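Below you'll find the structure, written out as structure tokens, and then a few comments.
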Amino acid sequence: MIELVQDIVSGTLLLAGAAFVLIGTLGLLRLPDFYARLHGAGITDTLGAELMLIGMMVQAGFSLVTVKLLLISLFVFFTSPTATHALANAARVTGLRPALVPEDDIETMRTRDD
Amino acid sequence: MPEAITEHYNYWLVIFLLMAGLFVTITSGNLVKKIVGLNVFQTAVFLFYISLAKLEGGTAPILTGEPERFSNPLPHVLILTAIVVGVATTALGLALVVRIRETYGSIEEAGLQEADRQDELRAAAEQGR
Amino acid sequence: MKHIVGLGVSLLAFWLVMSGIYTGLIISLGVLSVLLVLYIAHRMDIHDHETFPIHLTRGIFGYWRWLAREVFKANIDVARIVLSRRMRLSPRIVRVRSSQHTDLGHVILANSITLTPGTVSVEIEGDEIIVHALTEELAEGVLNGEMDRRVLAIEAS
Amino acid sequence: MRHHLVLRVVSKLLIPFMLLFALYVQFHGDFGPGGGFQAGVIFAAAFILYALVFGIDHAREVLPEHVLRYLVPAGLALYTLTGFAGIALGGKYLDYDVLGSTPTAGQHLGILLVEFGVGVTVSAVMVSVFFTFAGRTRDVDEEDW
Amino acid sequence: MAPDMVTVIDLVLLALLCAAAVALILVRQLFAVAILAGAFSMLSAGLLVTLDAVDVAFTEAAVGAGVSTVLLLGTLALTQRRSEESRRRGTGPALLAVVLTGGALVYATTDMPGFGDPEAPGFRHVVPEYIVGSETDIGVPNIVTSVLASYRGYDTLGEVAVIFTAGIGVLLLLGRRREDEIQDEARRSGSGDEG
Amino acid sequence: MSLLGHPLLLILAIPLAGGVLVACTGRWPNLREAVTLVASVLLFLVAYRLMEEIGSGGRPGLVLIEVLPGLPIALEGEPLGALFGCIASGLWIVNSLYSIGYMRGNNEHKQTRFYICFTIAIASAMGIAFAGNMFTLFLFYEMLSLSTYPLVAHKENEEAKIGARVYIGLLLGTSIGFQLVAIIWTWVAAGTLDFEPGGILRDAVPPAILPILLALYMFGIGKAALMPFHRWLPSAMVAPTPVSALLHAVAVVKAGVFTVLKVVIYIFGIDLLAETGASNWLVWVASFTLVTASLVAMTKDNLKARLAYSTVSQLAYIVLAAALASGLGVLGGALHIASHAVGKITLFMCAGAIYVATHKTEISDMKGLGRAMPFTFGAFCIGSLSIIGLPPLAGGLSKWYLSLAAAESGLVIAVLVYMASALLNVAYLMPVVVLGFFGRPDGAPADWQHEPVRLPWLCVLPPCITAVLCLYLFVDGDSVIALLLPLME
Amino acid sequence: MAFLDHVAILQVAVPLLAAPLCVMLPGRHLPWALTLAVSWFTLVCSIVLLAEVSAGGSIAYHLGNWPPPIGIEYRVDAINALVLLVVSGISAVALPYARRSVEHEIEPDRHGLFYTAYLLCLTGLLGVTITGDAFNIFVFLEISSLSTYVLVAAGARLDRRALSAAYTYLVLGTVGATFFVLGVGLLYMVTGTLNIADLAERLPPLAESRVVQAAFAFVVAGMGLKLAMFPLHTWLPNAYAYAPSLVTVFLAATATKVSVYVLLRFVYTVFGHEFAFIEPVLAWLVLPLAVIAMLAGSVVAIHQDNLKRMFAWSSIAQIGYMMLGLALASASGLTATVLHLFNHALMKGALFMALGGVMLRIGAVSLASVRGLASEMPWTFAALVIGGLSLIGVPGTVGFVSKWYLILAAIEKGWWLLALLIVAASLLAVIYVWKLVEAAYLQPAPQDRERVRDMPPDMLIPLWVLALANIWFGIDAGLTTSVAGTVVNAFLGGGS
Amino acid sequence: MWTAAAIALLVAMVMALTRAFLGPSLFDRVLAINSFGTKILLLIGVLGFLTERPEFMDIALLYALVNFIGTIAVLKFFRYRNLGLSSPAAARPENRK
């Protein structure tokens, strides 16, 4: 009985996570410019990954694997926004312009004293 | 799928990989790319070894206390060693590329050959006097 | 000192939960390893409050709960945009005030912004965070200052 | 200017765990995947991260070059000496059986020692390779960019 | 059911690897080459996991994610970003060599034990002794470790020597600062040599 | 007899030790040349004693070291070798004397190197003379080529360089290219390389193959200067005259024809050749060389060049004799080695003396010179007559036996060639003598017409000695023939 | 006695231990002294080993005390004892020579690293030679190769082309090693073992297997790259020409020899010459390539101006000789190969040592720059001439002995043309050696060159040791031929 | 369920790799690869469950820890054109000791 619940819960989480991963990657593929794609990738990294990891944790029950999964999710939680930020920052420093941003915003970017 | 394919598809893809890596290594005119090609080539060979270690229905060769069918651990060991060798080669190759760039000002094979030729001519001219 | 002990304890815990093998040898090796890492951390000079924000533990879980909800909502929004046939984007760059007093606070805010899909912090400039947002609504979500307040709150605790 | 605030903070948080994870991998090679080489690489990766974020000069202060100079050969020497220990104790080269009271204990000790040797050399080499690459400044030609 | 899925994953990863390899042939930008190399490493790590080679996968992951990309970028930082190759030289002979290599291997595959075939000699000879011995002789659950460090510990010693060599080599090649080198150069050409 | 005192060892050791001593005493020219002379005299004494021992039927042998399994460096005395050794060592004394005069008279550079190489060359010649098997012979043969290279290139100018290049190229080329192959073939076929009376190839090689093998040997022995591999001889004329004497008379070409005879007698066996007719083709080649070289010699105005072609022609005499594959032929060939040696060395030393005195090389410039240098031209005359084959000079004896052999073989061509060549000899040698004594110098009068010719006595004496030797060899011909008789069996 | 029990492993383990110690040593002289001591120690080991196995037996040493197919085994028989002797002997002779040469050519603060790399190279070569395990060969091959790349690149201080040469060598060498690994993998696939003796036992029933055939192809191709078999030789000339003198001496004398040894080992021990498919490969592929190498290498050598390059090309030709003997697959042919392995090391060692001395004195080694130098450096050039004569194959030198057997092998088979081609190749050698001789002895010295002294005695003595060895083993070839005979018996006599 | 997750991940990987190939900017590639790494991590986790081997988690953990080093190197690469020189942190006076 418990196993069944475990299966259902973990399955749901897993599939939901997988769906978000897919959507996020679709965004990565579809969105028009680099800055926009960052957001798409963000979906994968956050909700998709975390949900899947939680799903796995549920499946694993109380064990060493769960602990490791928990650690993984923690680290992903810390590193993925950092990486995204670093990348965005690098792009900005190099002067990559975001598309579809109103002029004045671009000006904001330009006036940086780099 | 016919048996011949199911039994060997893995090898064939690995072989394709190997050929691609070798191709890049030989034809690329850029020294860095050559090294990367070499890496791909080596990786393909590693995968080849690991493929031949795979056992149908087997599992990672770590004893768990239950009787199990394990994939062959020996190629894994060999490839561990080979990967290390590969990394070492890559590091050394890249270091060489850096030095080449510093002394020649180019990391293109064509540029290098041209420079070497110039060296030769200069040496000949110096000694000719 | 407080920080280094805190770091040590958490490292030891990390080892113990990871290890799963509790023989004398392994545990003693673990202790040695933790000591080594602490020594290196000491040399690296990274065992200040930023390394192991032990002082934040009280408020952080509450914040995470809130953040998780925000992240979830934003995710749905962005997912909808991605899935829509014509992606209606109005990307923009906005400057978000970041009223935190510490670097750590700024970082928590910036990372939280990045974590919520639809907004990515591009740069921290003084007391402002430059954010790229996918749509106007999403930009509003960070501009309203709610996140800033909450981060301030845990920072203060 | 406070670029990379984020990086700095997150790295500070992560690096100790990476280091410890490396050591975990080092000492749990008997039970799961991993061993000296992998541990060495991860250990080095942590250092590389530190050097990337805090600068190579800081990293050199943490791990001075003269220390590195001895760490690089130390691991290999440890490994080789373990081999010679086998001979000294009446066995063959790299014979671990004679190292301990029982063959199994000897094997354990031997494996521990050699894996540690691997780890030390690998991490030291990786770090020093990175240091040499990153520490080599070059006048940037604008045309290259 | 489960093994089938593993097979599918295996196949897809391999196909992606091949795609990455082809892309590598086509790309000119060195930075993209570096990035592709990273992808390549990740894919092969994944593939190695599906092939049960966890230790190898672990190594590949550590190396690929931690060191090689950084090294490649470091090299690019010290050299240049764009590959200037305008034409490929000697594609004909190269293709011949490549095709010969591939042909020889494909020729060999027609006679090989099948993929995963438990009757392959590799599973019959020597290895059973490792599997038994790892527990009885050595007492280490990870057979790879016991083979690596004990049965074939000497190979591993060689491996450490190789990595040591690389370290020494890089130090010998790049260990001096550029300024020292330029000074050395000037000194040599200035004073000349005496015996 | 202790090994160290073994005459066969001494025969190698004396010149080599002489070489070392020369190297050590290079700074004091007088001492250096004294060493050379002492060594040459000692060597001749040993060689003479050996000849006596062999003449009385002794066959001393000595195995030095086994290089490869079954292939030792072995020395062995036999009549032909004893004769050659004796001639070479004897002429070395004369040539040393002459060298001293020539080198000093000409103020040549790097004299020490010259003397060292000279001693090594003599040692090699001795090694060839007393080689116990084909392998040892080959070893010393190559040593001879190499040690004479610096001598040929002695002048170190462009001309010398090119000449020496041709010299070493042809000698090494033919010896490695043909001779070595032939030797190895022999080894494969016969399983031995020892010199054995009657040959070692009987039943070892199918008769059809014998001519090919013989050709490999004959062309491989480049020192015998069989056409078309004769070019090195004229090229080597750039060398100082003592060297030319060494090449033409003492060591090199003699080593060549000596090897030819050795191969024919001890490897193939006269009988085998006679039975199979494997050497018939050689008759033609040798005859062609003989006649052609003589004709070419006539066209040369340079005295040394003319003498060089004369040598090519005279060598062909001996090869032709060997090709006749008869006991008489062999005897004649052996005799001709000796007679040509003394004759030719006389001629060369005379040519050298002329050069030292007047720096003249062209025959047309020597008109009337004989009157200024009567001794030199007198010796030249005797030498020429000996070469031509007039009794009572050495050449008369050898040519007599050669003609006999040709007649005995029934090969008309051989007879014709010998006869024709005697005439040709006259035609290219006598004009020198005639012009020298009776010619009237044309053009501007040369120095030697006004003041007496200054010549070191060491340049005059040696040709006179050898001229006398020409006579002596004829007179004492019987003892030489007695020595050689065992060859005819 | 413990030393005798463990001599096989000490041979490799001692230099391997010395390498990390060497890098810790300060200064310039200590690393050199350590390297010297280790080299001499390995020489002693290899002499002991050779003495023990020369009766035809073999020594086995089980590393880690695991019995062979399970663990790695060291197995010494006549052939690898001989190669060990070559490697350690050349190293032992070269090191006294090295001190000044390295001081001249390597930056003063890099000597520790340089000698460490050298020790690793030595270790690698010895390890490849002595091991009885196919994969272990690869590992030690890579130790030696990686250190070789570094050592070659160390020549960049004098000529930057050393860098590009090292790079080319690295790429091709790695491809070669990877091919070799692939071959070994295929063999493992069908036999389940990596031990060479075990492989030899398990392969014969698989003679028809295509996997084995492919494995053979890969091993040959891989080793062909490593040993610079024509047309896979492209890395060699520049690598030898621009490497530091010591490195050229050591590599030219040993590195390719070790690869030839590995190839011999695989063709004759692992596969066994009775394998049906090997004969045609040898006869129709290796043999023609060897002949082309012999001729083409010499022809190219004739046209070189840089003397190190000239002799590097000559090495390619000489490798052709070795491959030819191997491909002839007869007793004499193999004898020739084994002898030439040894002999060529002596010649090239002496030649490159002499050139190193020239480099030391006048800083260049082109034909133009050595004009008239013989009178200033008489001893050096005398040794150079001896080496050159040996290269030509003049009797009384080692070159003659190997050429003798090679021609013998060709004639035994009745292949006249081949015998003539071999001879023709030696004649080509006459040409390039003579170019050098003429330049050094017969040309006037250039005006702008200052007069120089001959090499210092600590460099001359090693050089002359090798030069005299060239003559000694050419006159008394008993030792080498008896070892070669043992080897050939083991390879051809009654299967494996 | 695991199968579905695995397939979804594979599809996502294909798409991410496509983005990496397409570019157009370098940052797009890096982003794609970074995201690709996350997927590999997840895939390895899923594989661990598929084959019931918990050891795989260590690999996933490794990726979680080190995957972003590459991205940071890219950042440094673009920002400072050098991996070692003048780090941002070192540039801060207060951080210098």
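All values below come from the heavy atoms of this structure, side chains included, with hydrogens, waters and symmetry mates left out. Residue numbering restarts at 1 for every chain, and letters A, B, ... go by the order of the sequence lines. In this text the structure is predicted, and so the values were computed from the model without any measurement.
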### Query
Pick from E:Gly64, E:Ala32, E:Ala57, E:Ala15: which one has the most heavy-atom pairs with chain H under 4.5 Å?
E:Ala32

### Task
State, with a plain yes or no, whether a side-chain heavy atom of H:Leu17 is found less than 4.5 Å away from one of E:Leu43.
yes

#### Entry: Contacting region of E:Ala19 [heavy-atom separation from chain H under 4.5 Å]
both

#### Entry: Spatial distance of atom CZ (E:Phe58) from atom CD1 (H:Ile44) [nearest 0.5 Å]
10.0 Å

### Message
Under 4.5 Å from any heavy atom of chain H, what part of E:Val12 do you find: side chain, backbone, both or neither?
### Response
side chain

### Task
Taking the side chain as every heavy atom from C-beta outward, state whether E:Gln29 and H:Arg29 have any atom pair closer than 4.5 Å.
yes

#### Entry: Among the listed options H:Ile59, H:Ile40, H:Val66, the residue most often paired with chain E at heavy-atom distances under 4.5 Å
H:Ile59

### Query
Can you tell me how far the CG atom of H:Leu47 sits from the CD1 atom of E:Ile9, to the nearest 0.5 Å?
4.5 Å

### Message
Let me confirm one number: the CG-CD1 distance from E:Leu73 to H:Ile72, rounded to the nearest 0.5 Å.
### Response
12.5 Å

### E:Ala39 versus H:Phe36, closest heavy-atom pair with distance
O-CE2, 4.2 Å

### Query
Which atom pair, heavy atoms only, marks the closest approach of H:Tyr63 to E:Ser41?
OH-O, 4.4 Å

### Message
For E:Thr50, which atoms come within 4.5 Å of any heavy atom of chain H: side chain, backbone, both, or neither?
### Response
both

### Query
Which residue out of H:Ile69, H:Asn67, H:Ile33 racks up the most heavy-atom pairs below 4.5 Å with chain E?
H:Ile33

### Query
Checking E:Leu72 against chain H: side chain, backbone, both or neither under 4.5 Å from a heavy atom?
neither

### Task
Could you tell me which non-hydrogen atom of E:Ala61 sits nearest to which non-hydrogen atom of H:Leu62, and how far apart they are?
CB-CD2, 3.7 Å

### Query
Looking at side-chain heavy atoms only, is the closest gap between H:Phe21 and E:Leu36 below 4.5 Å?
yes

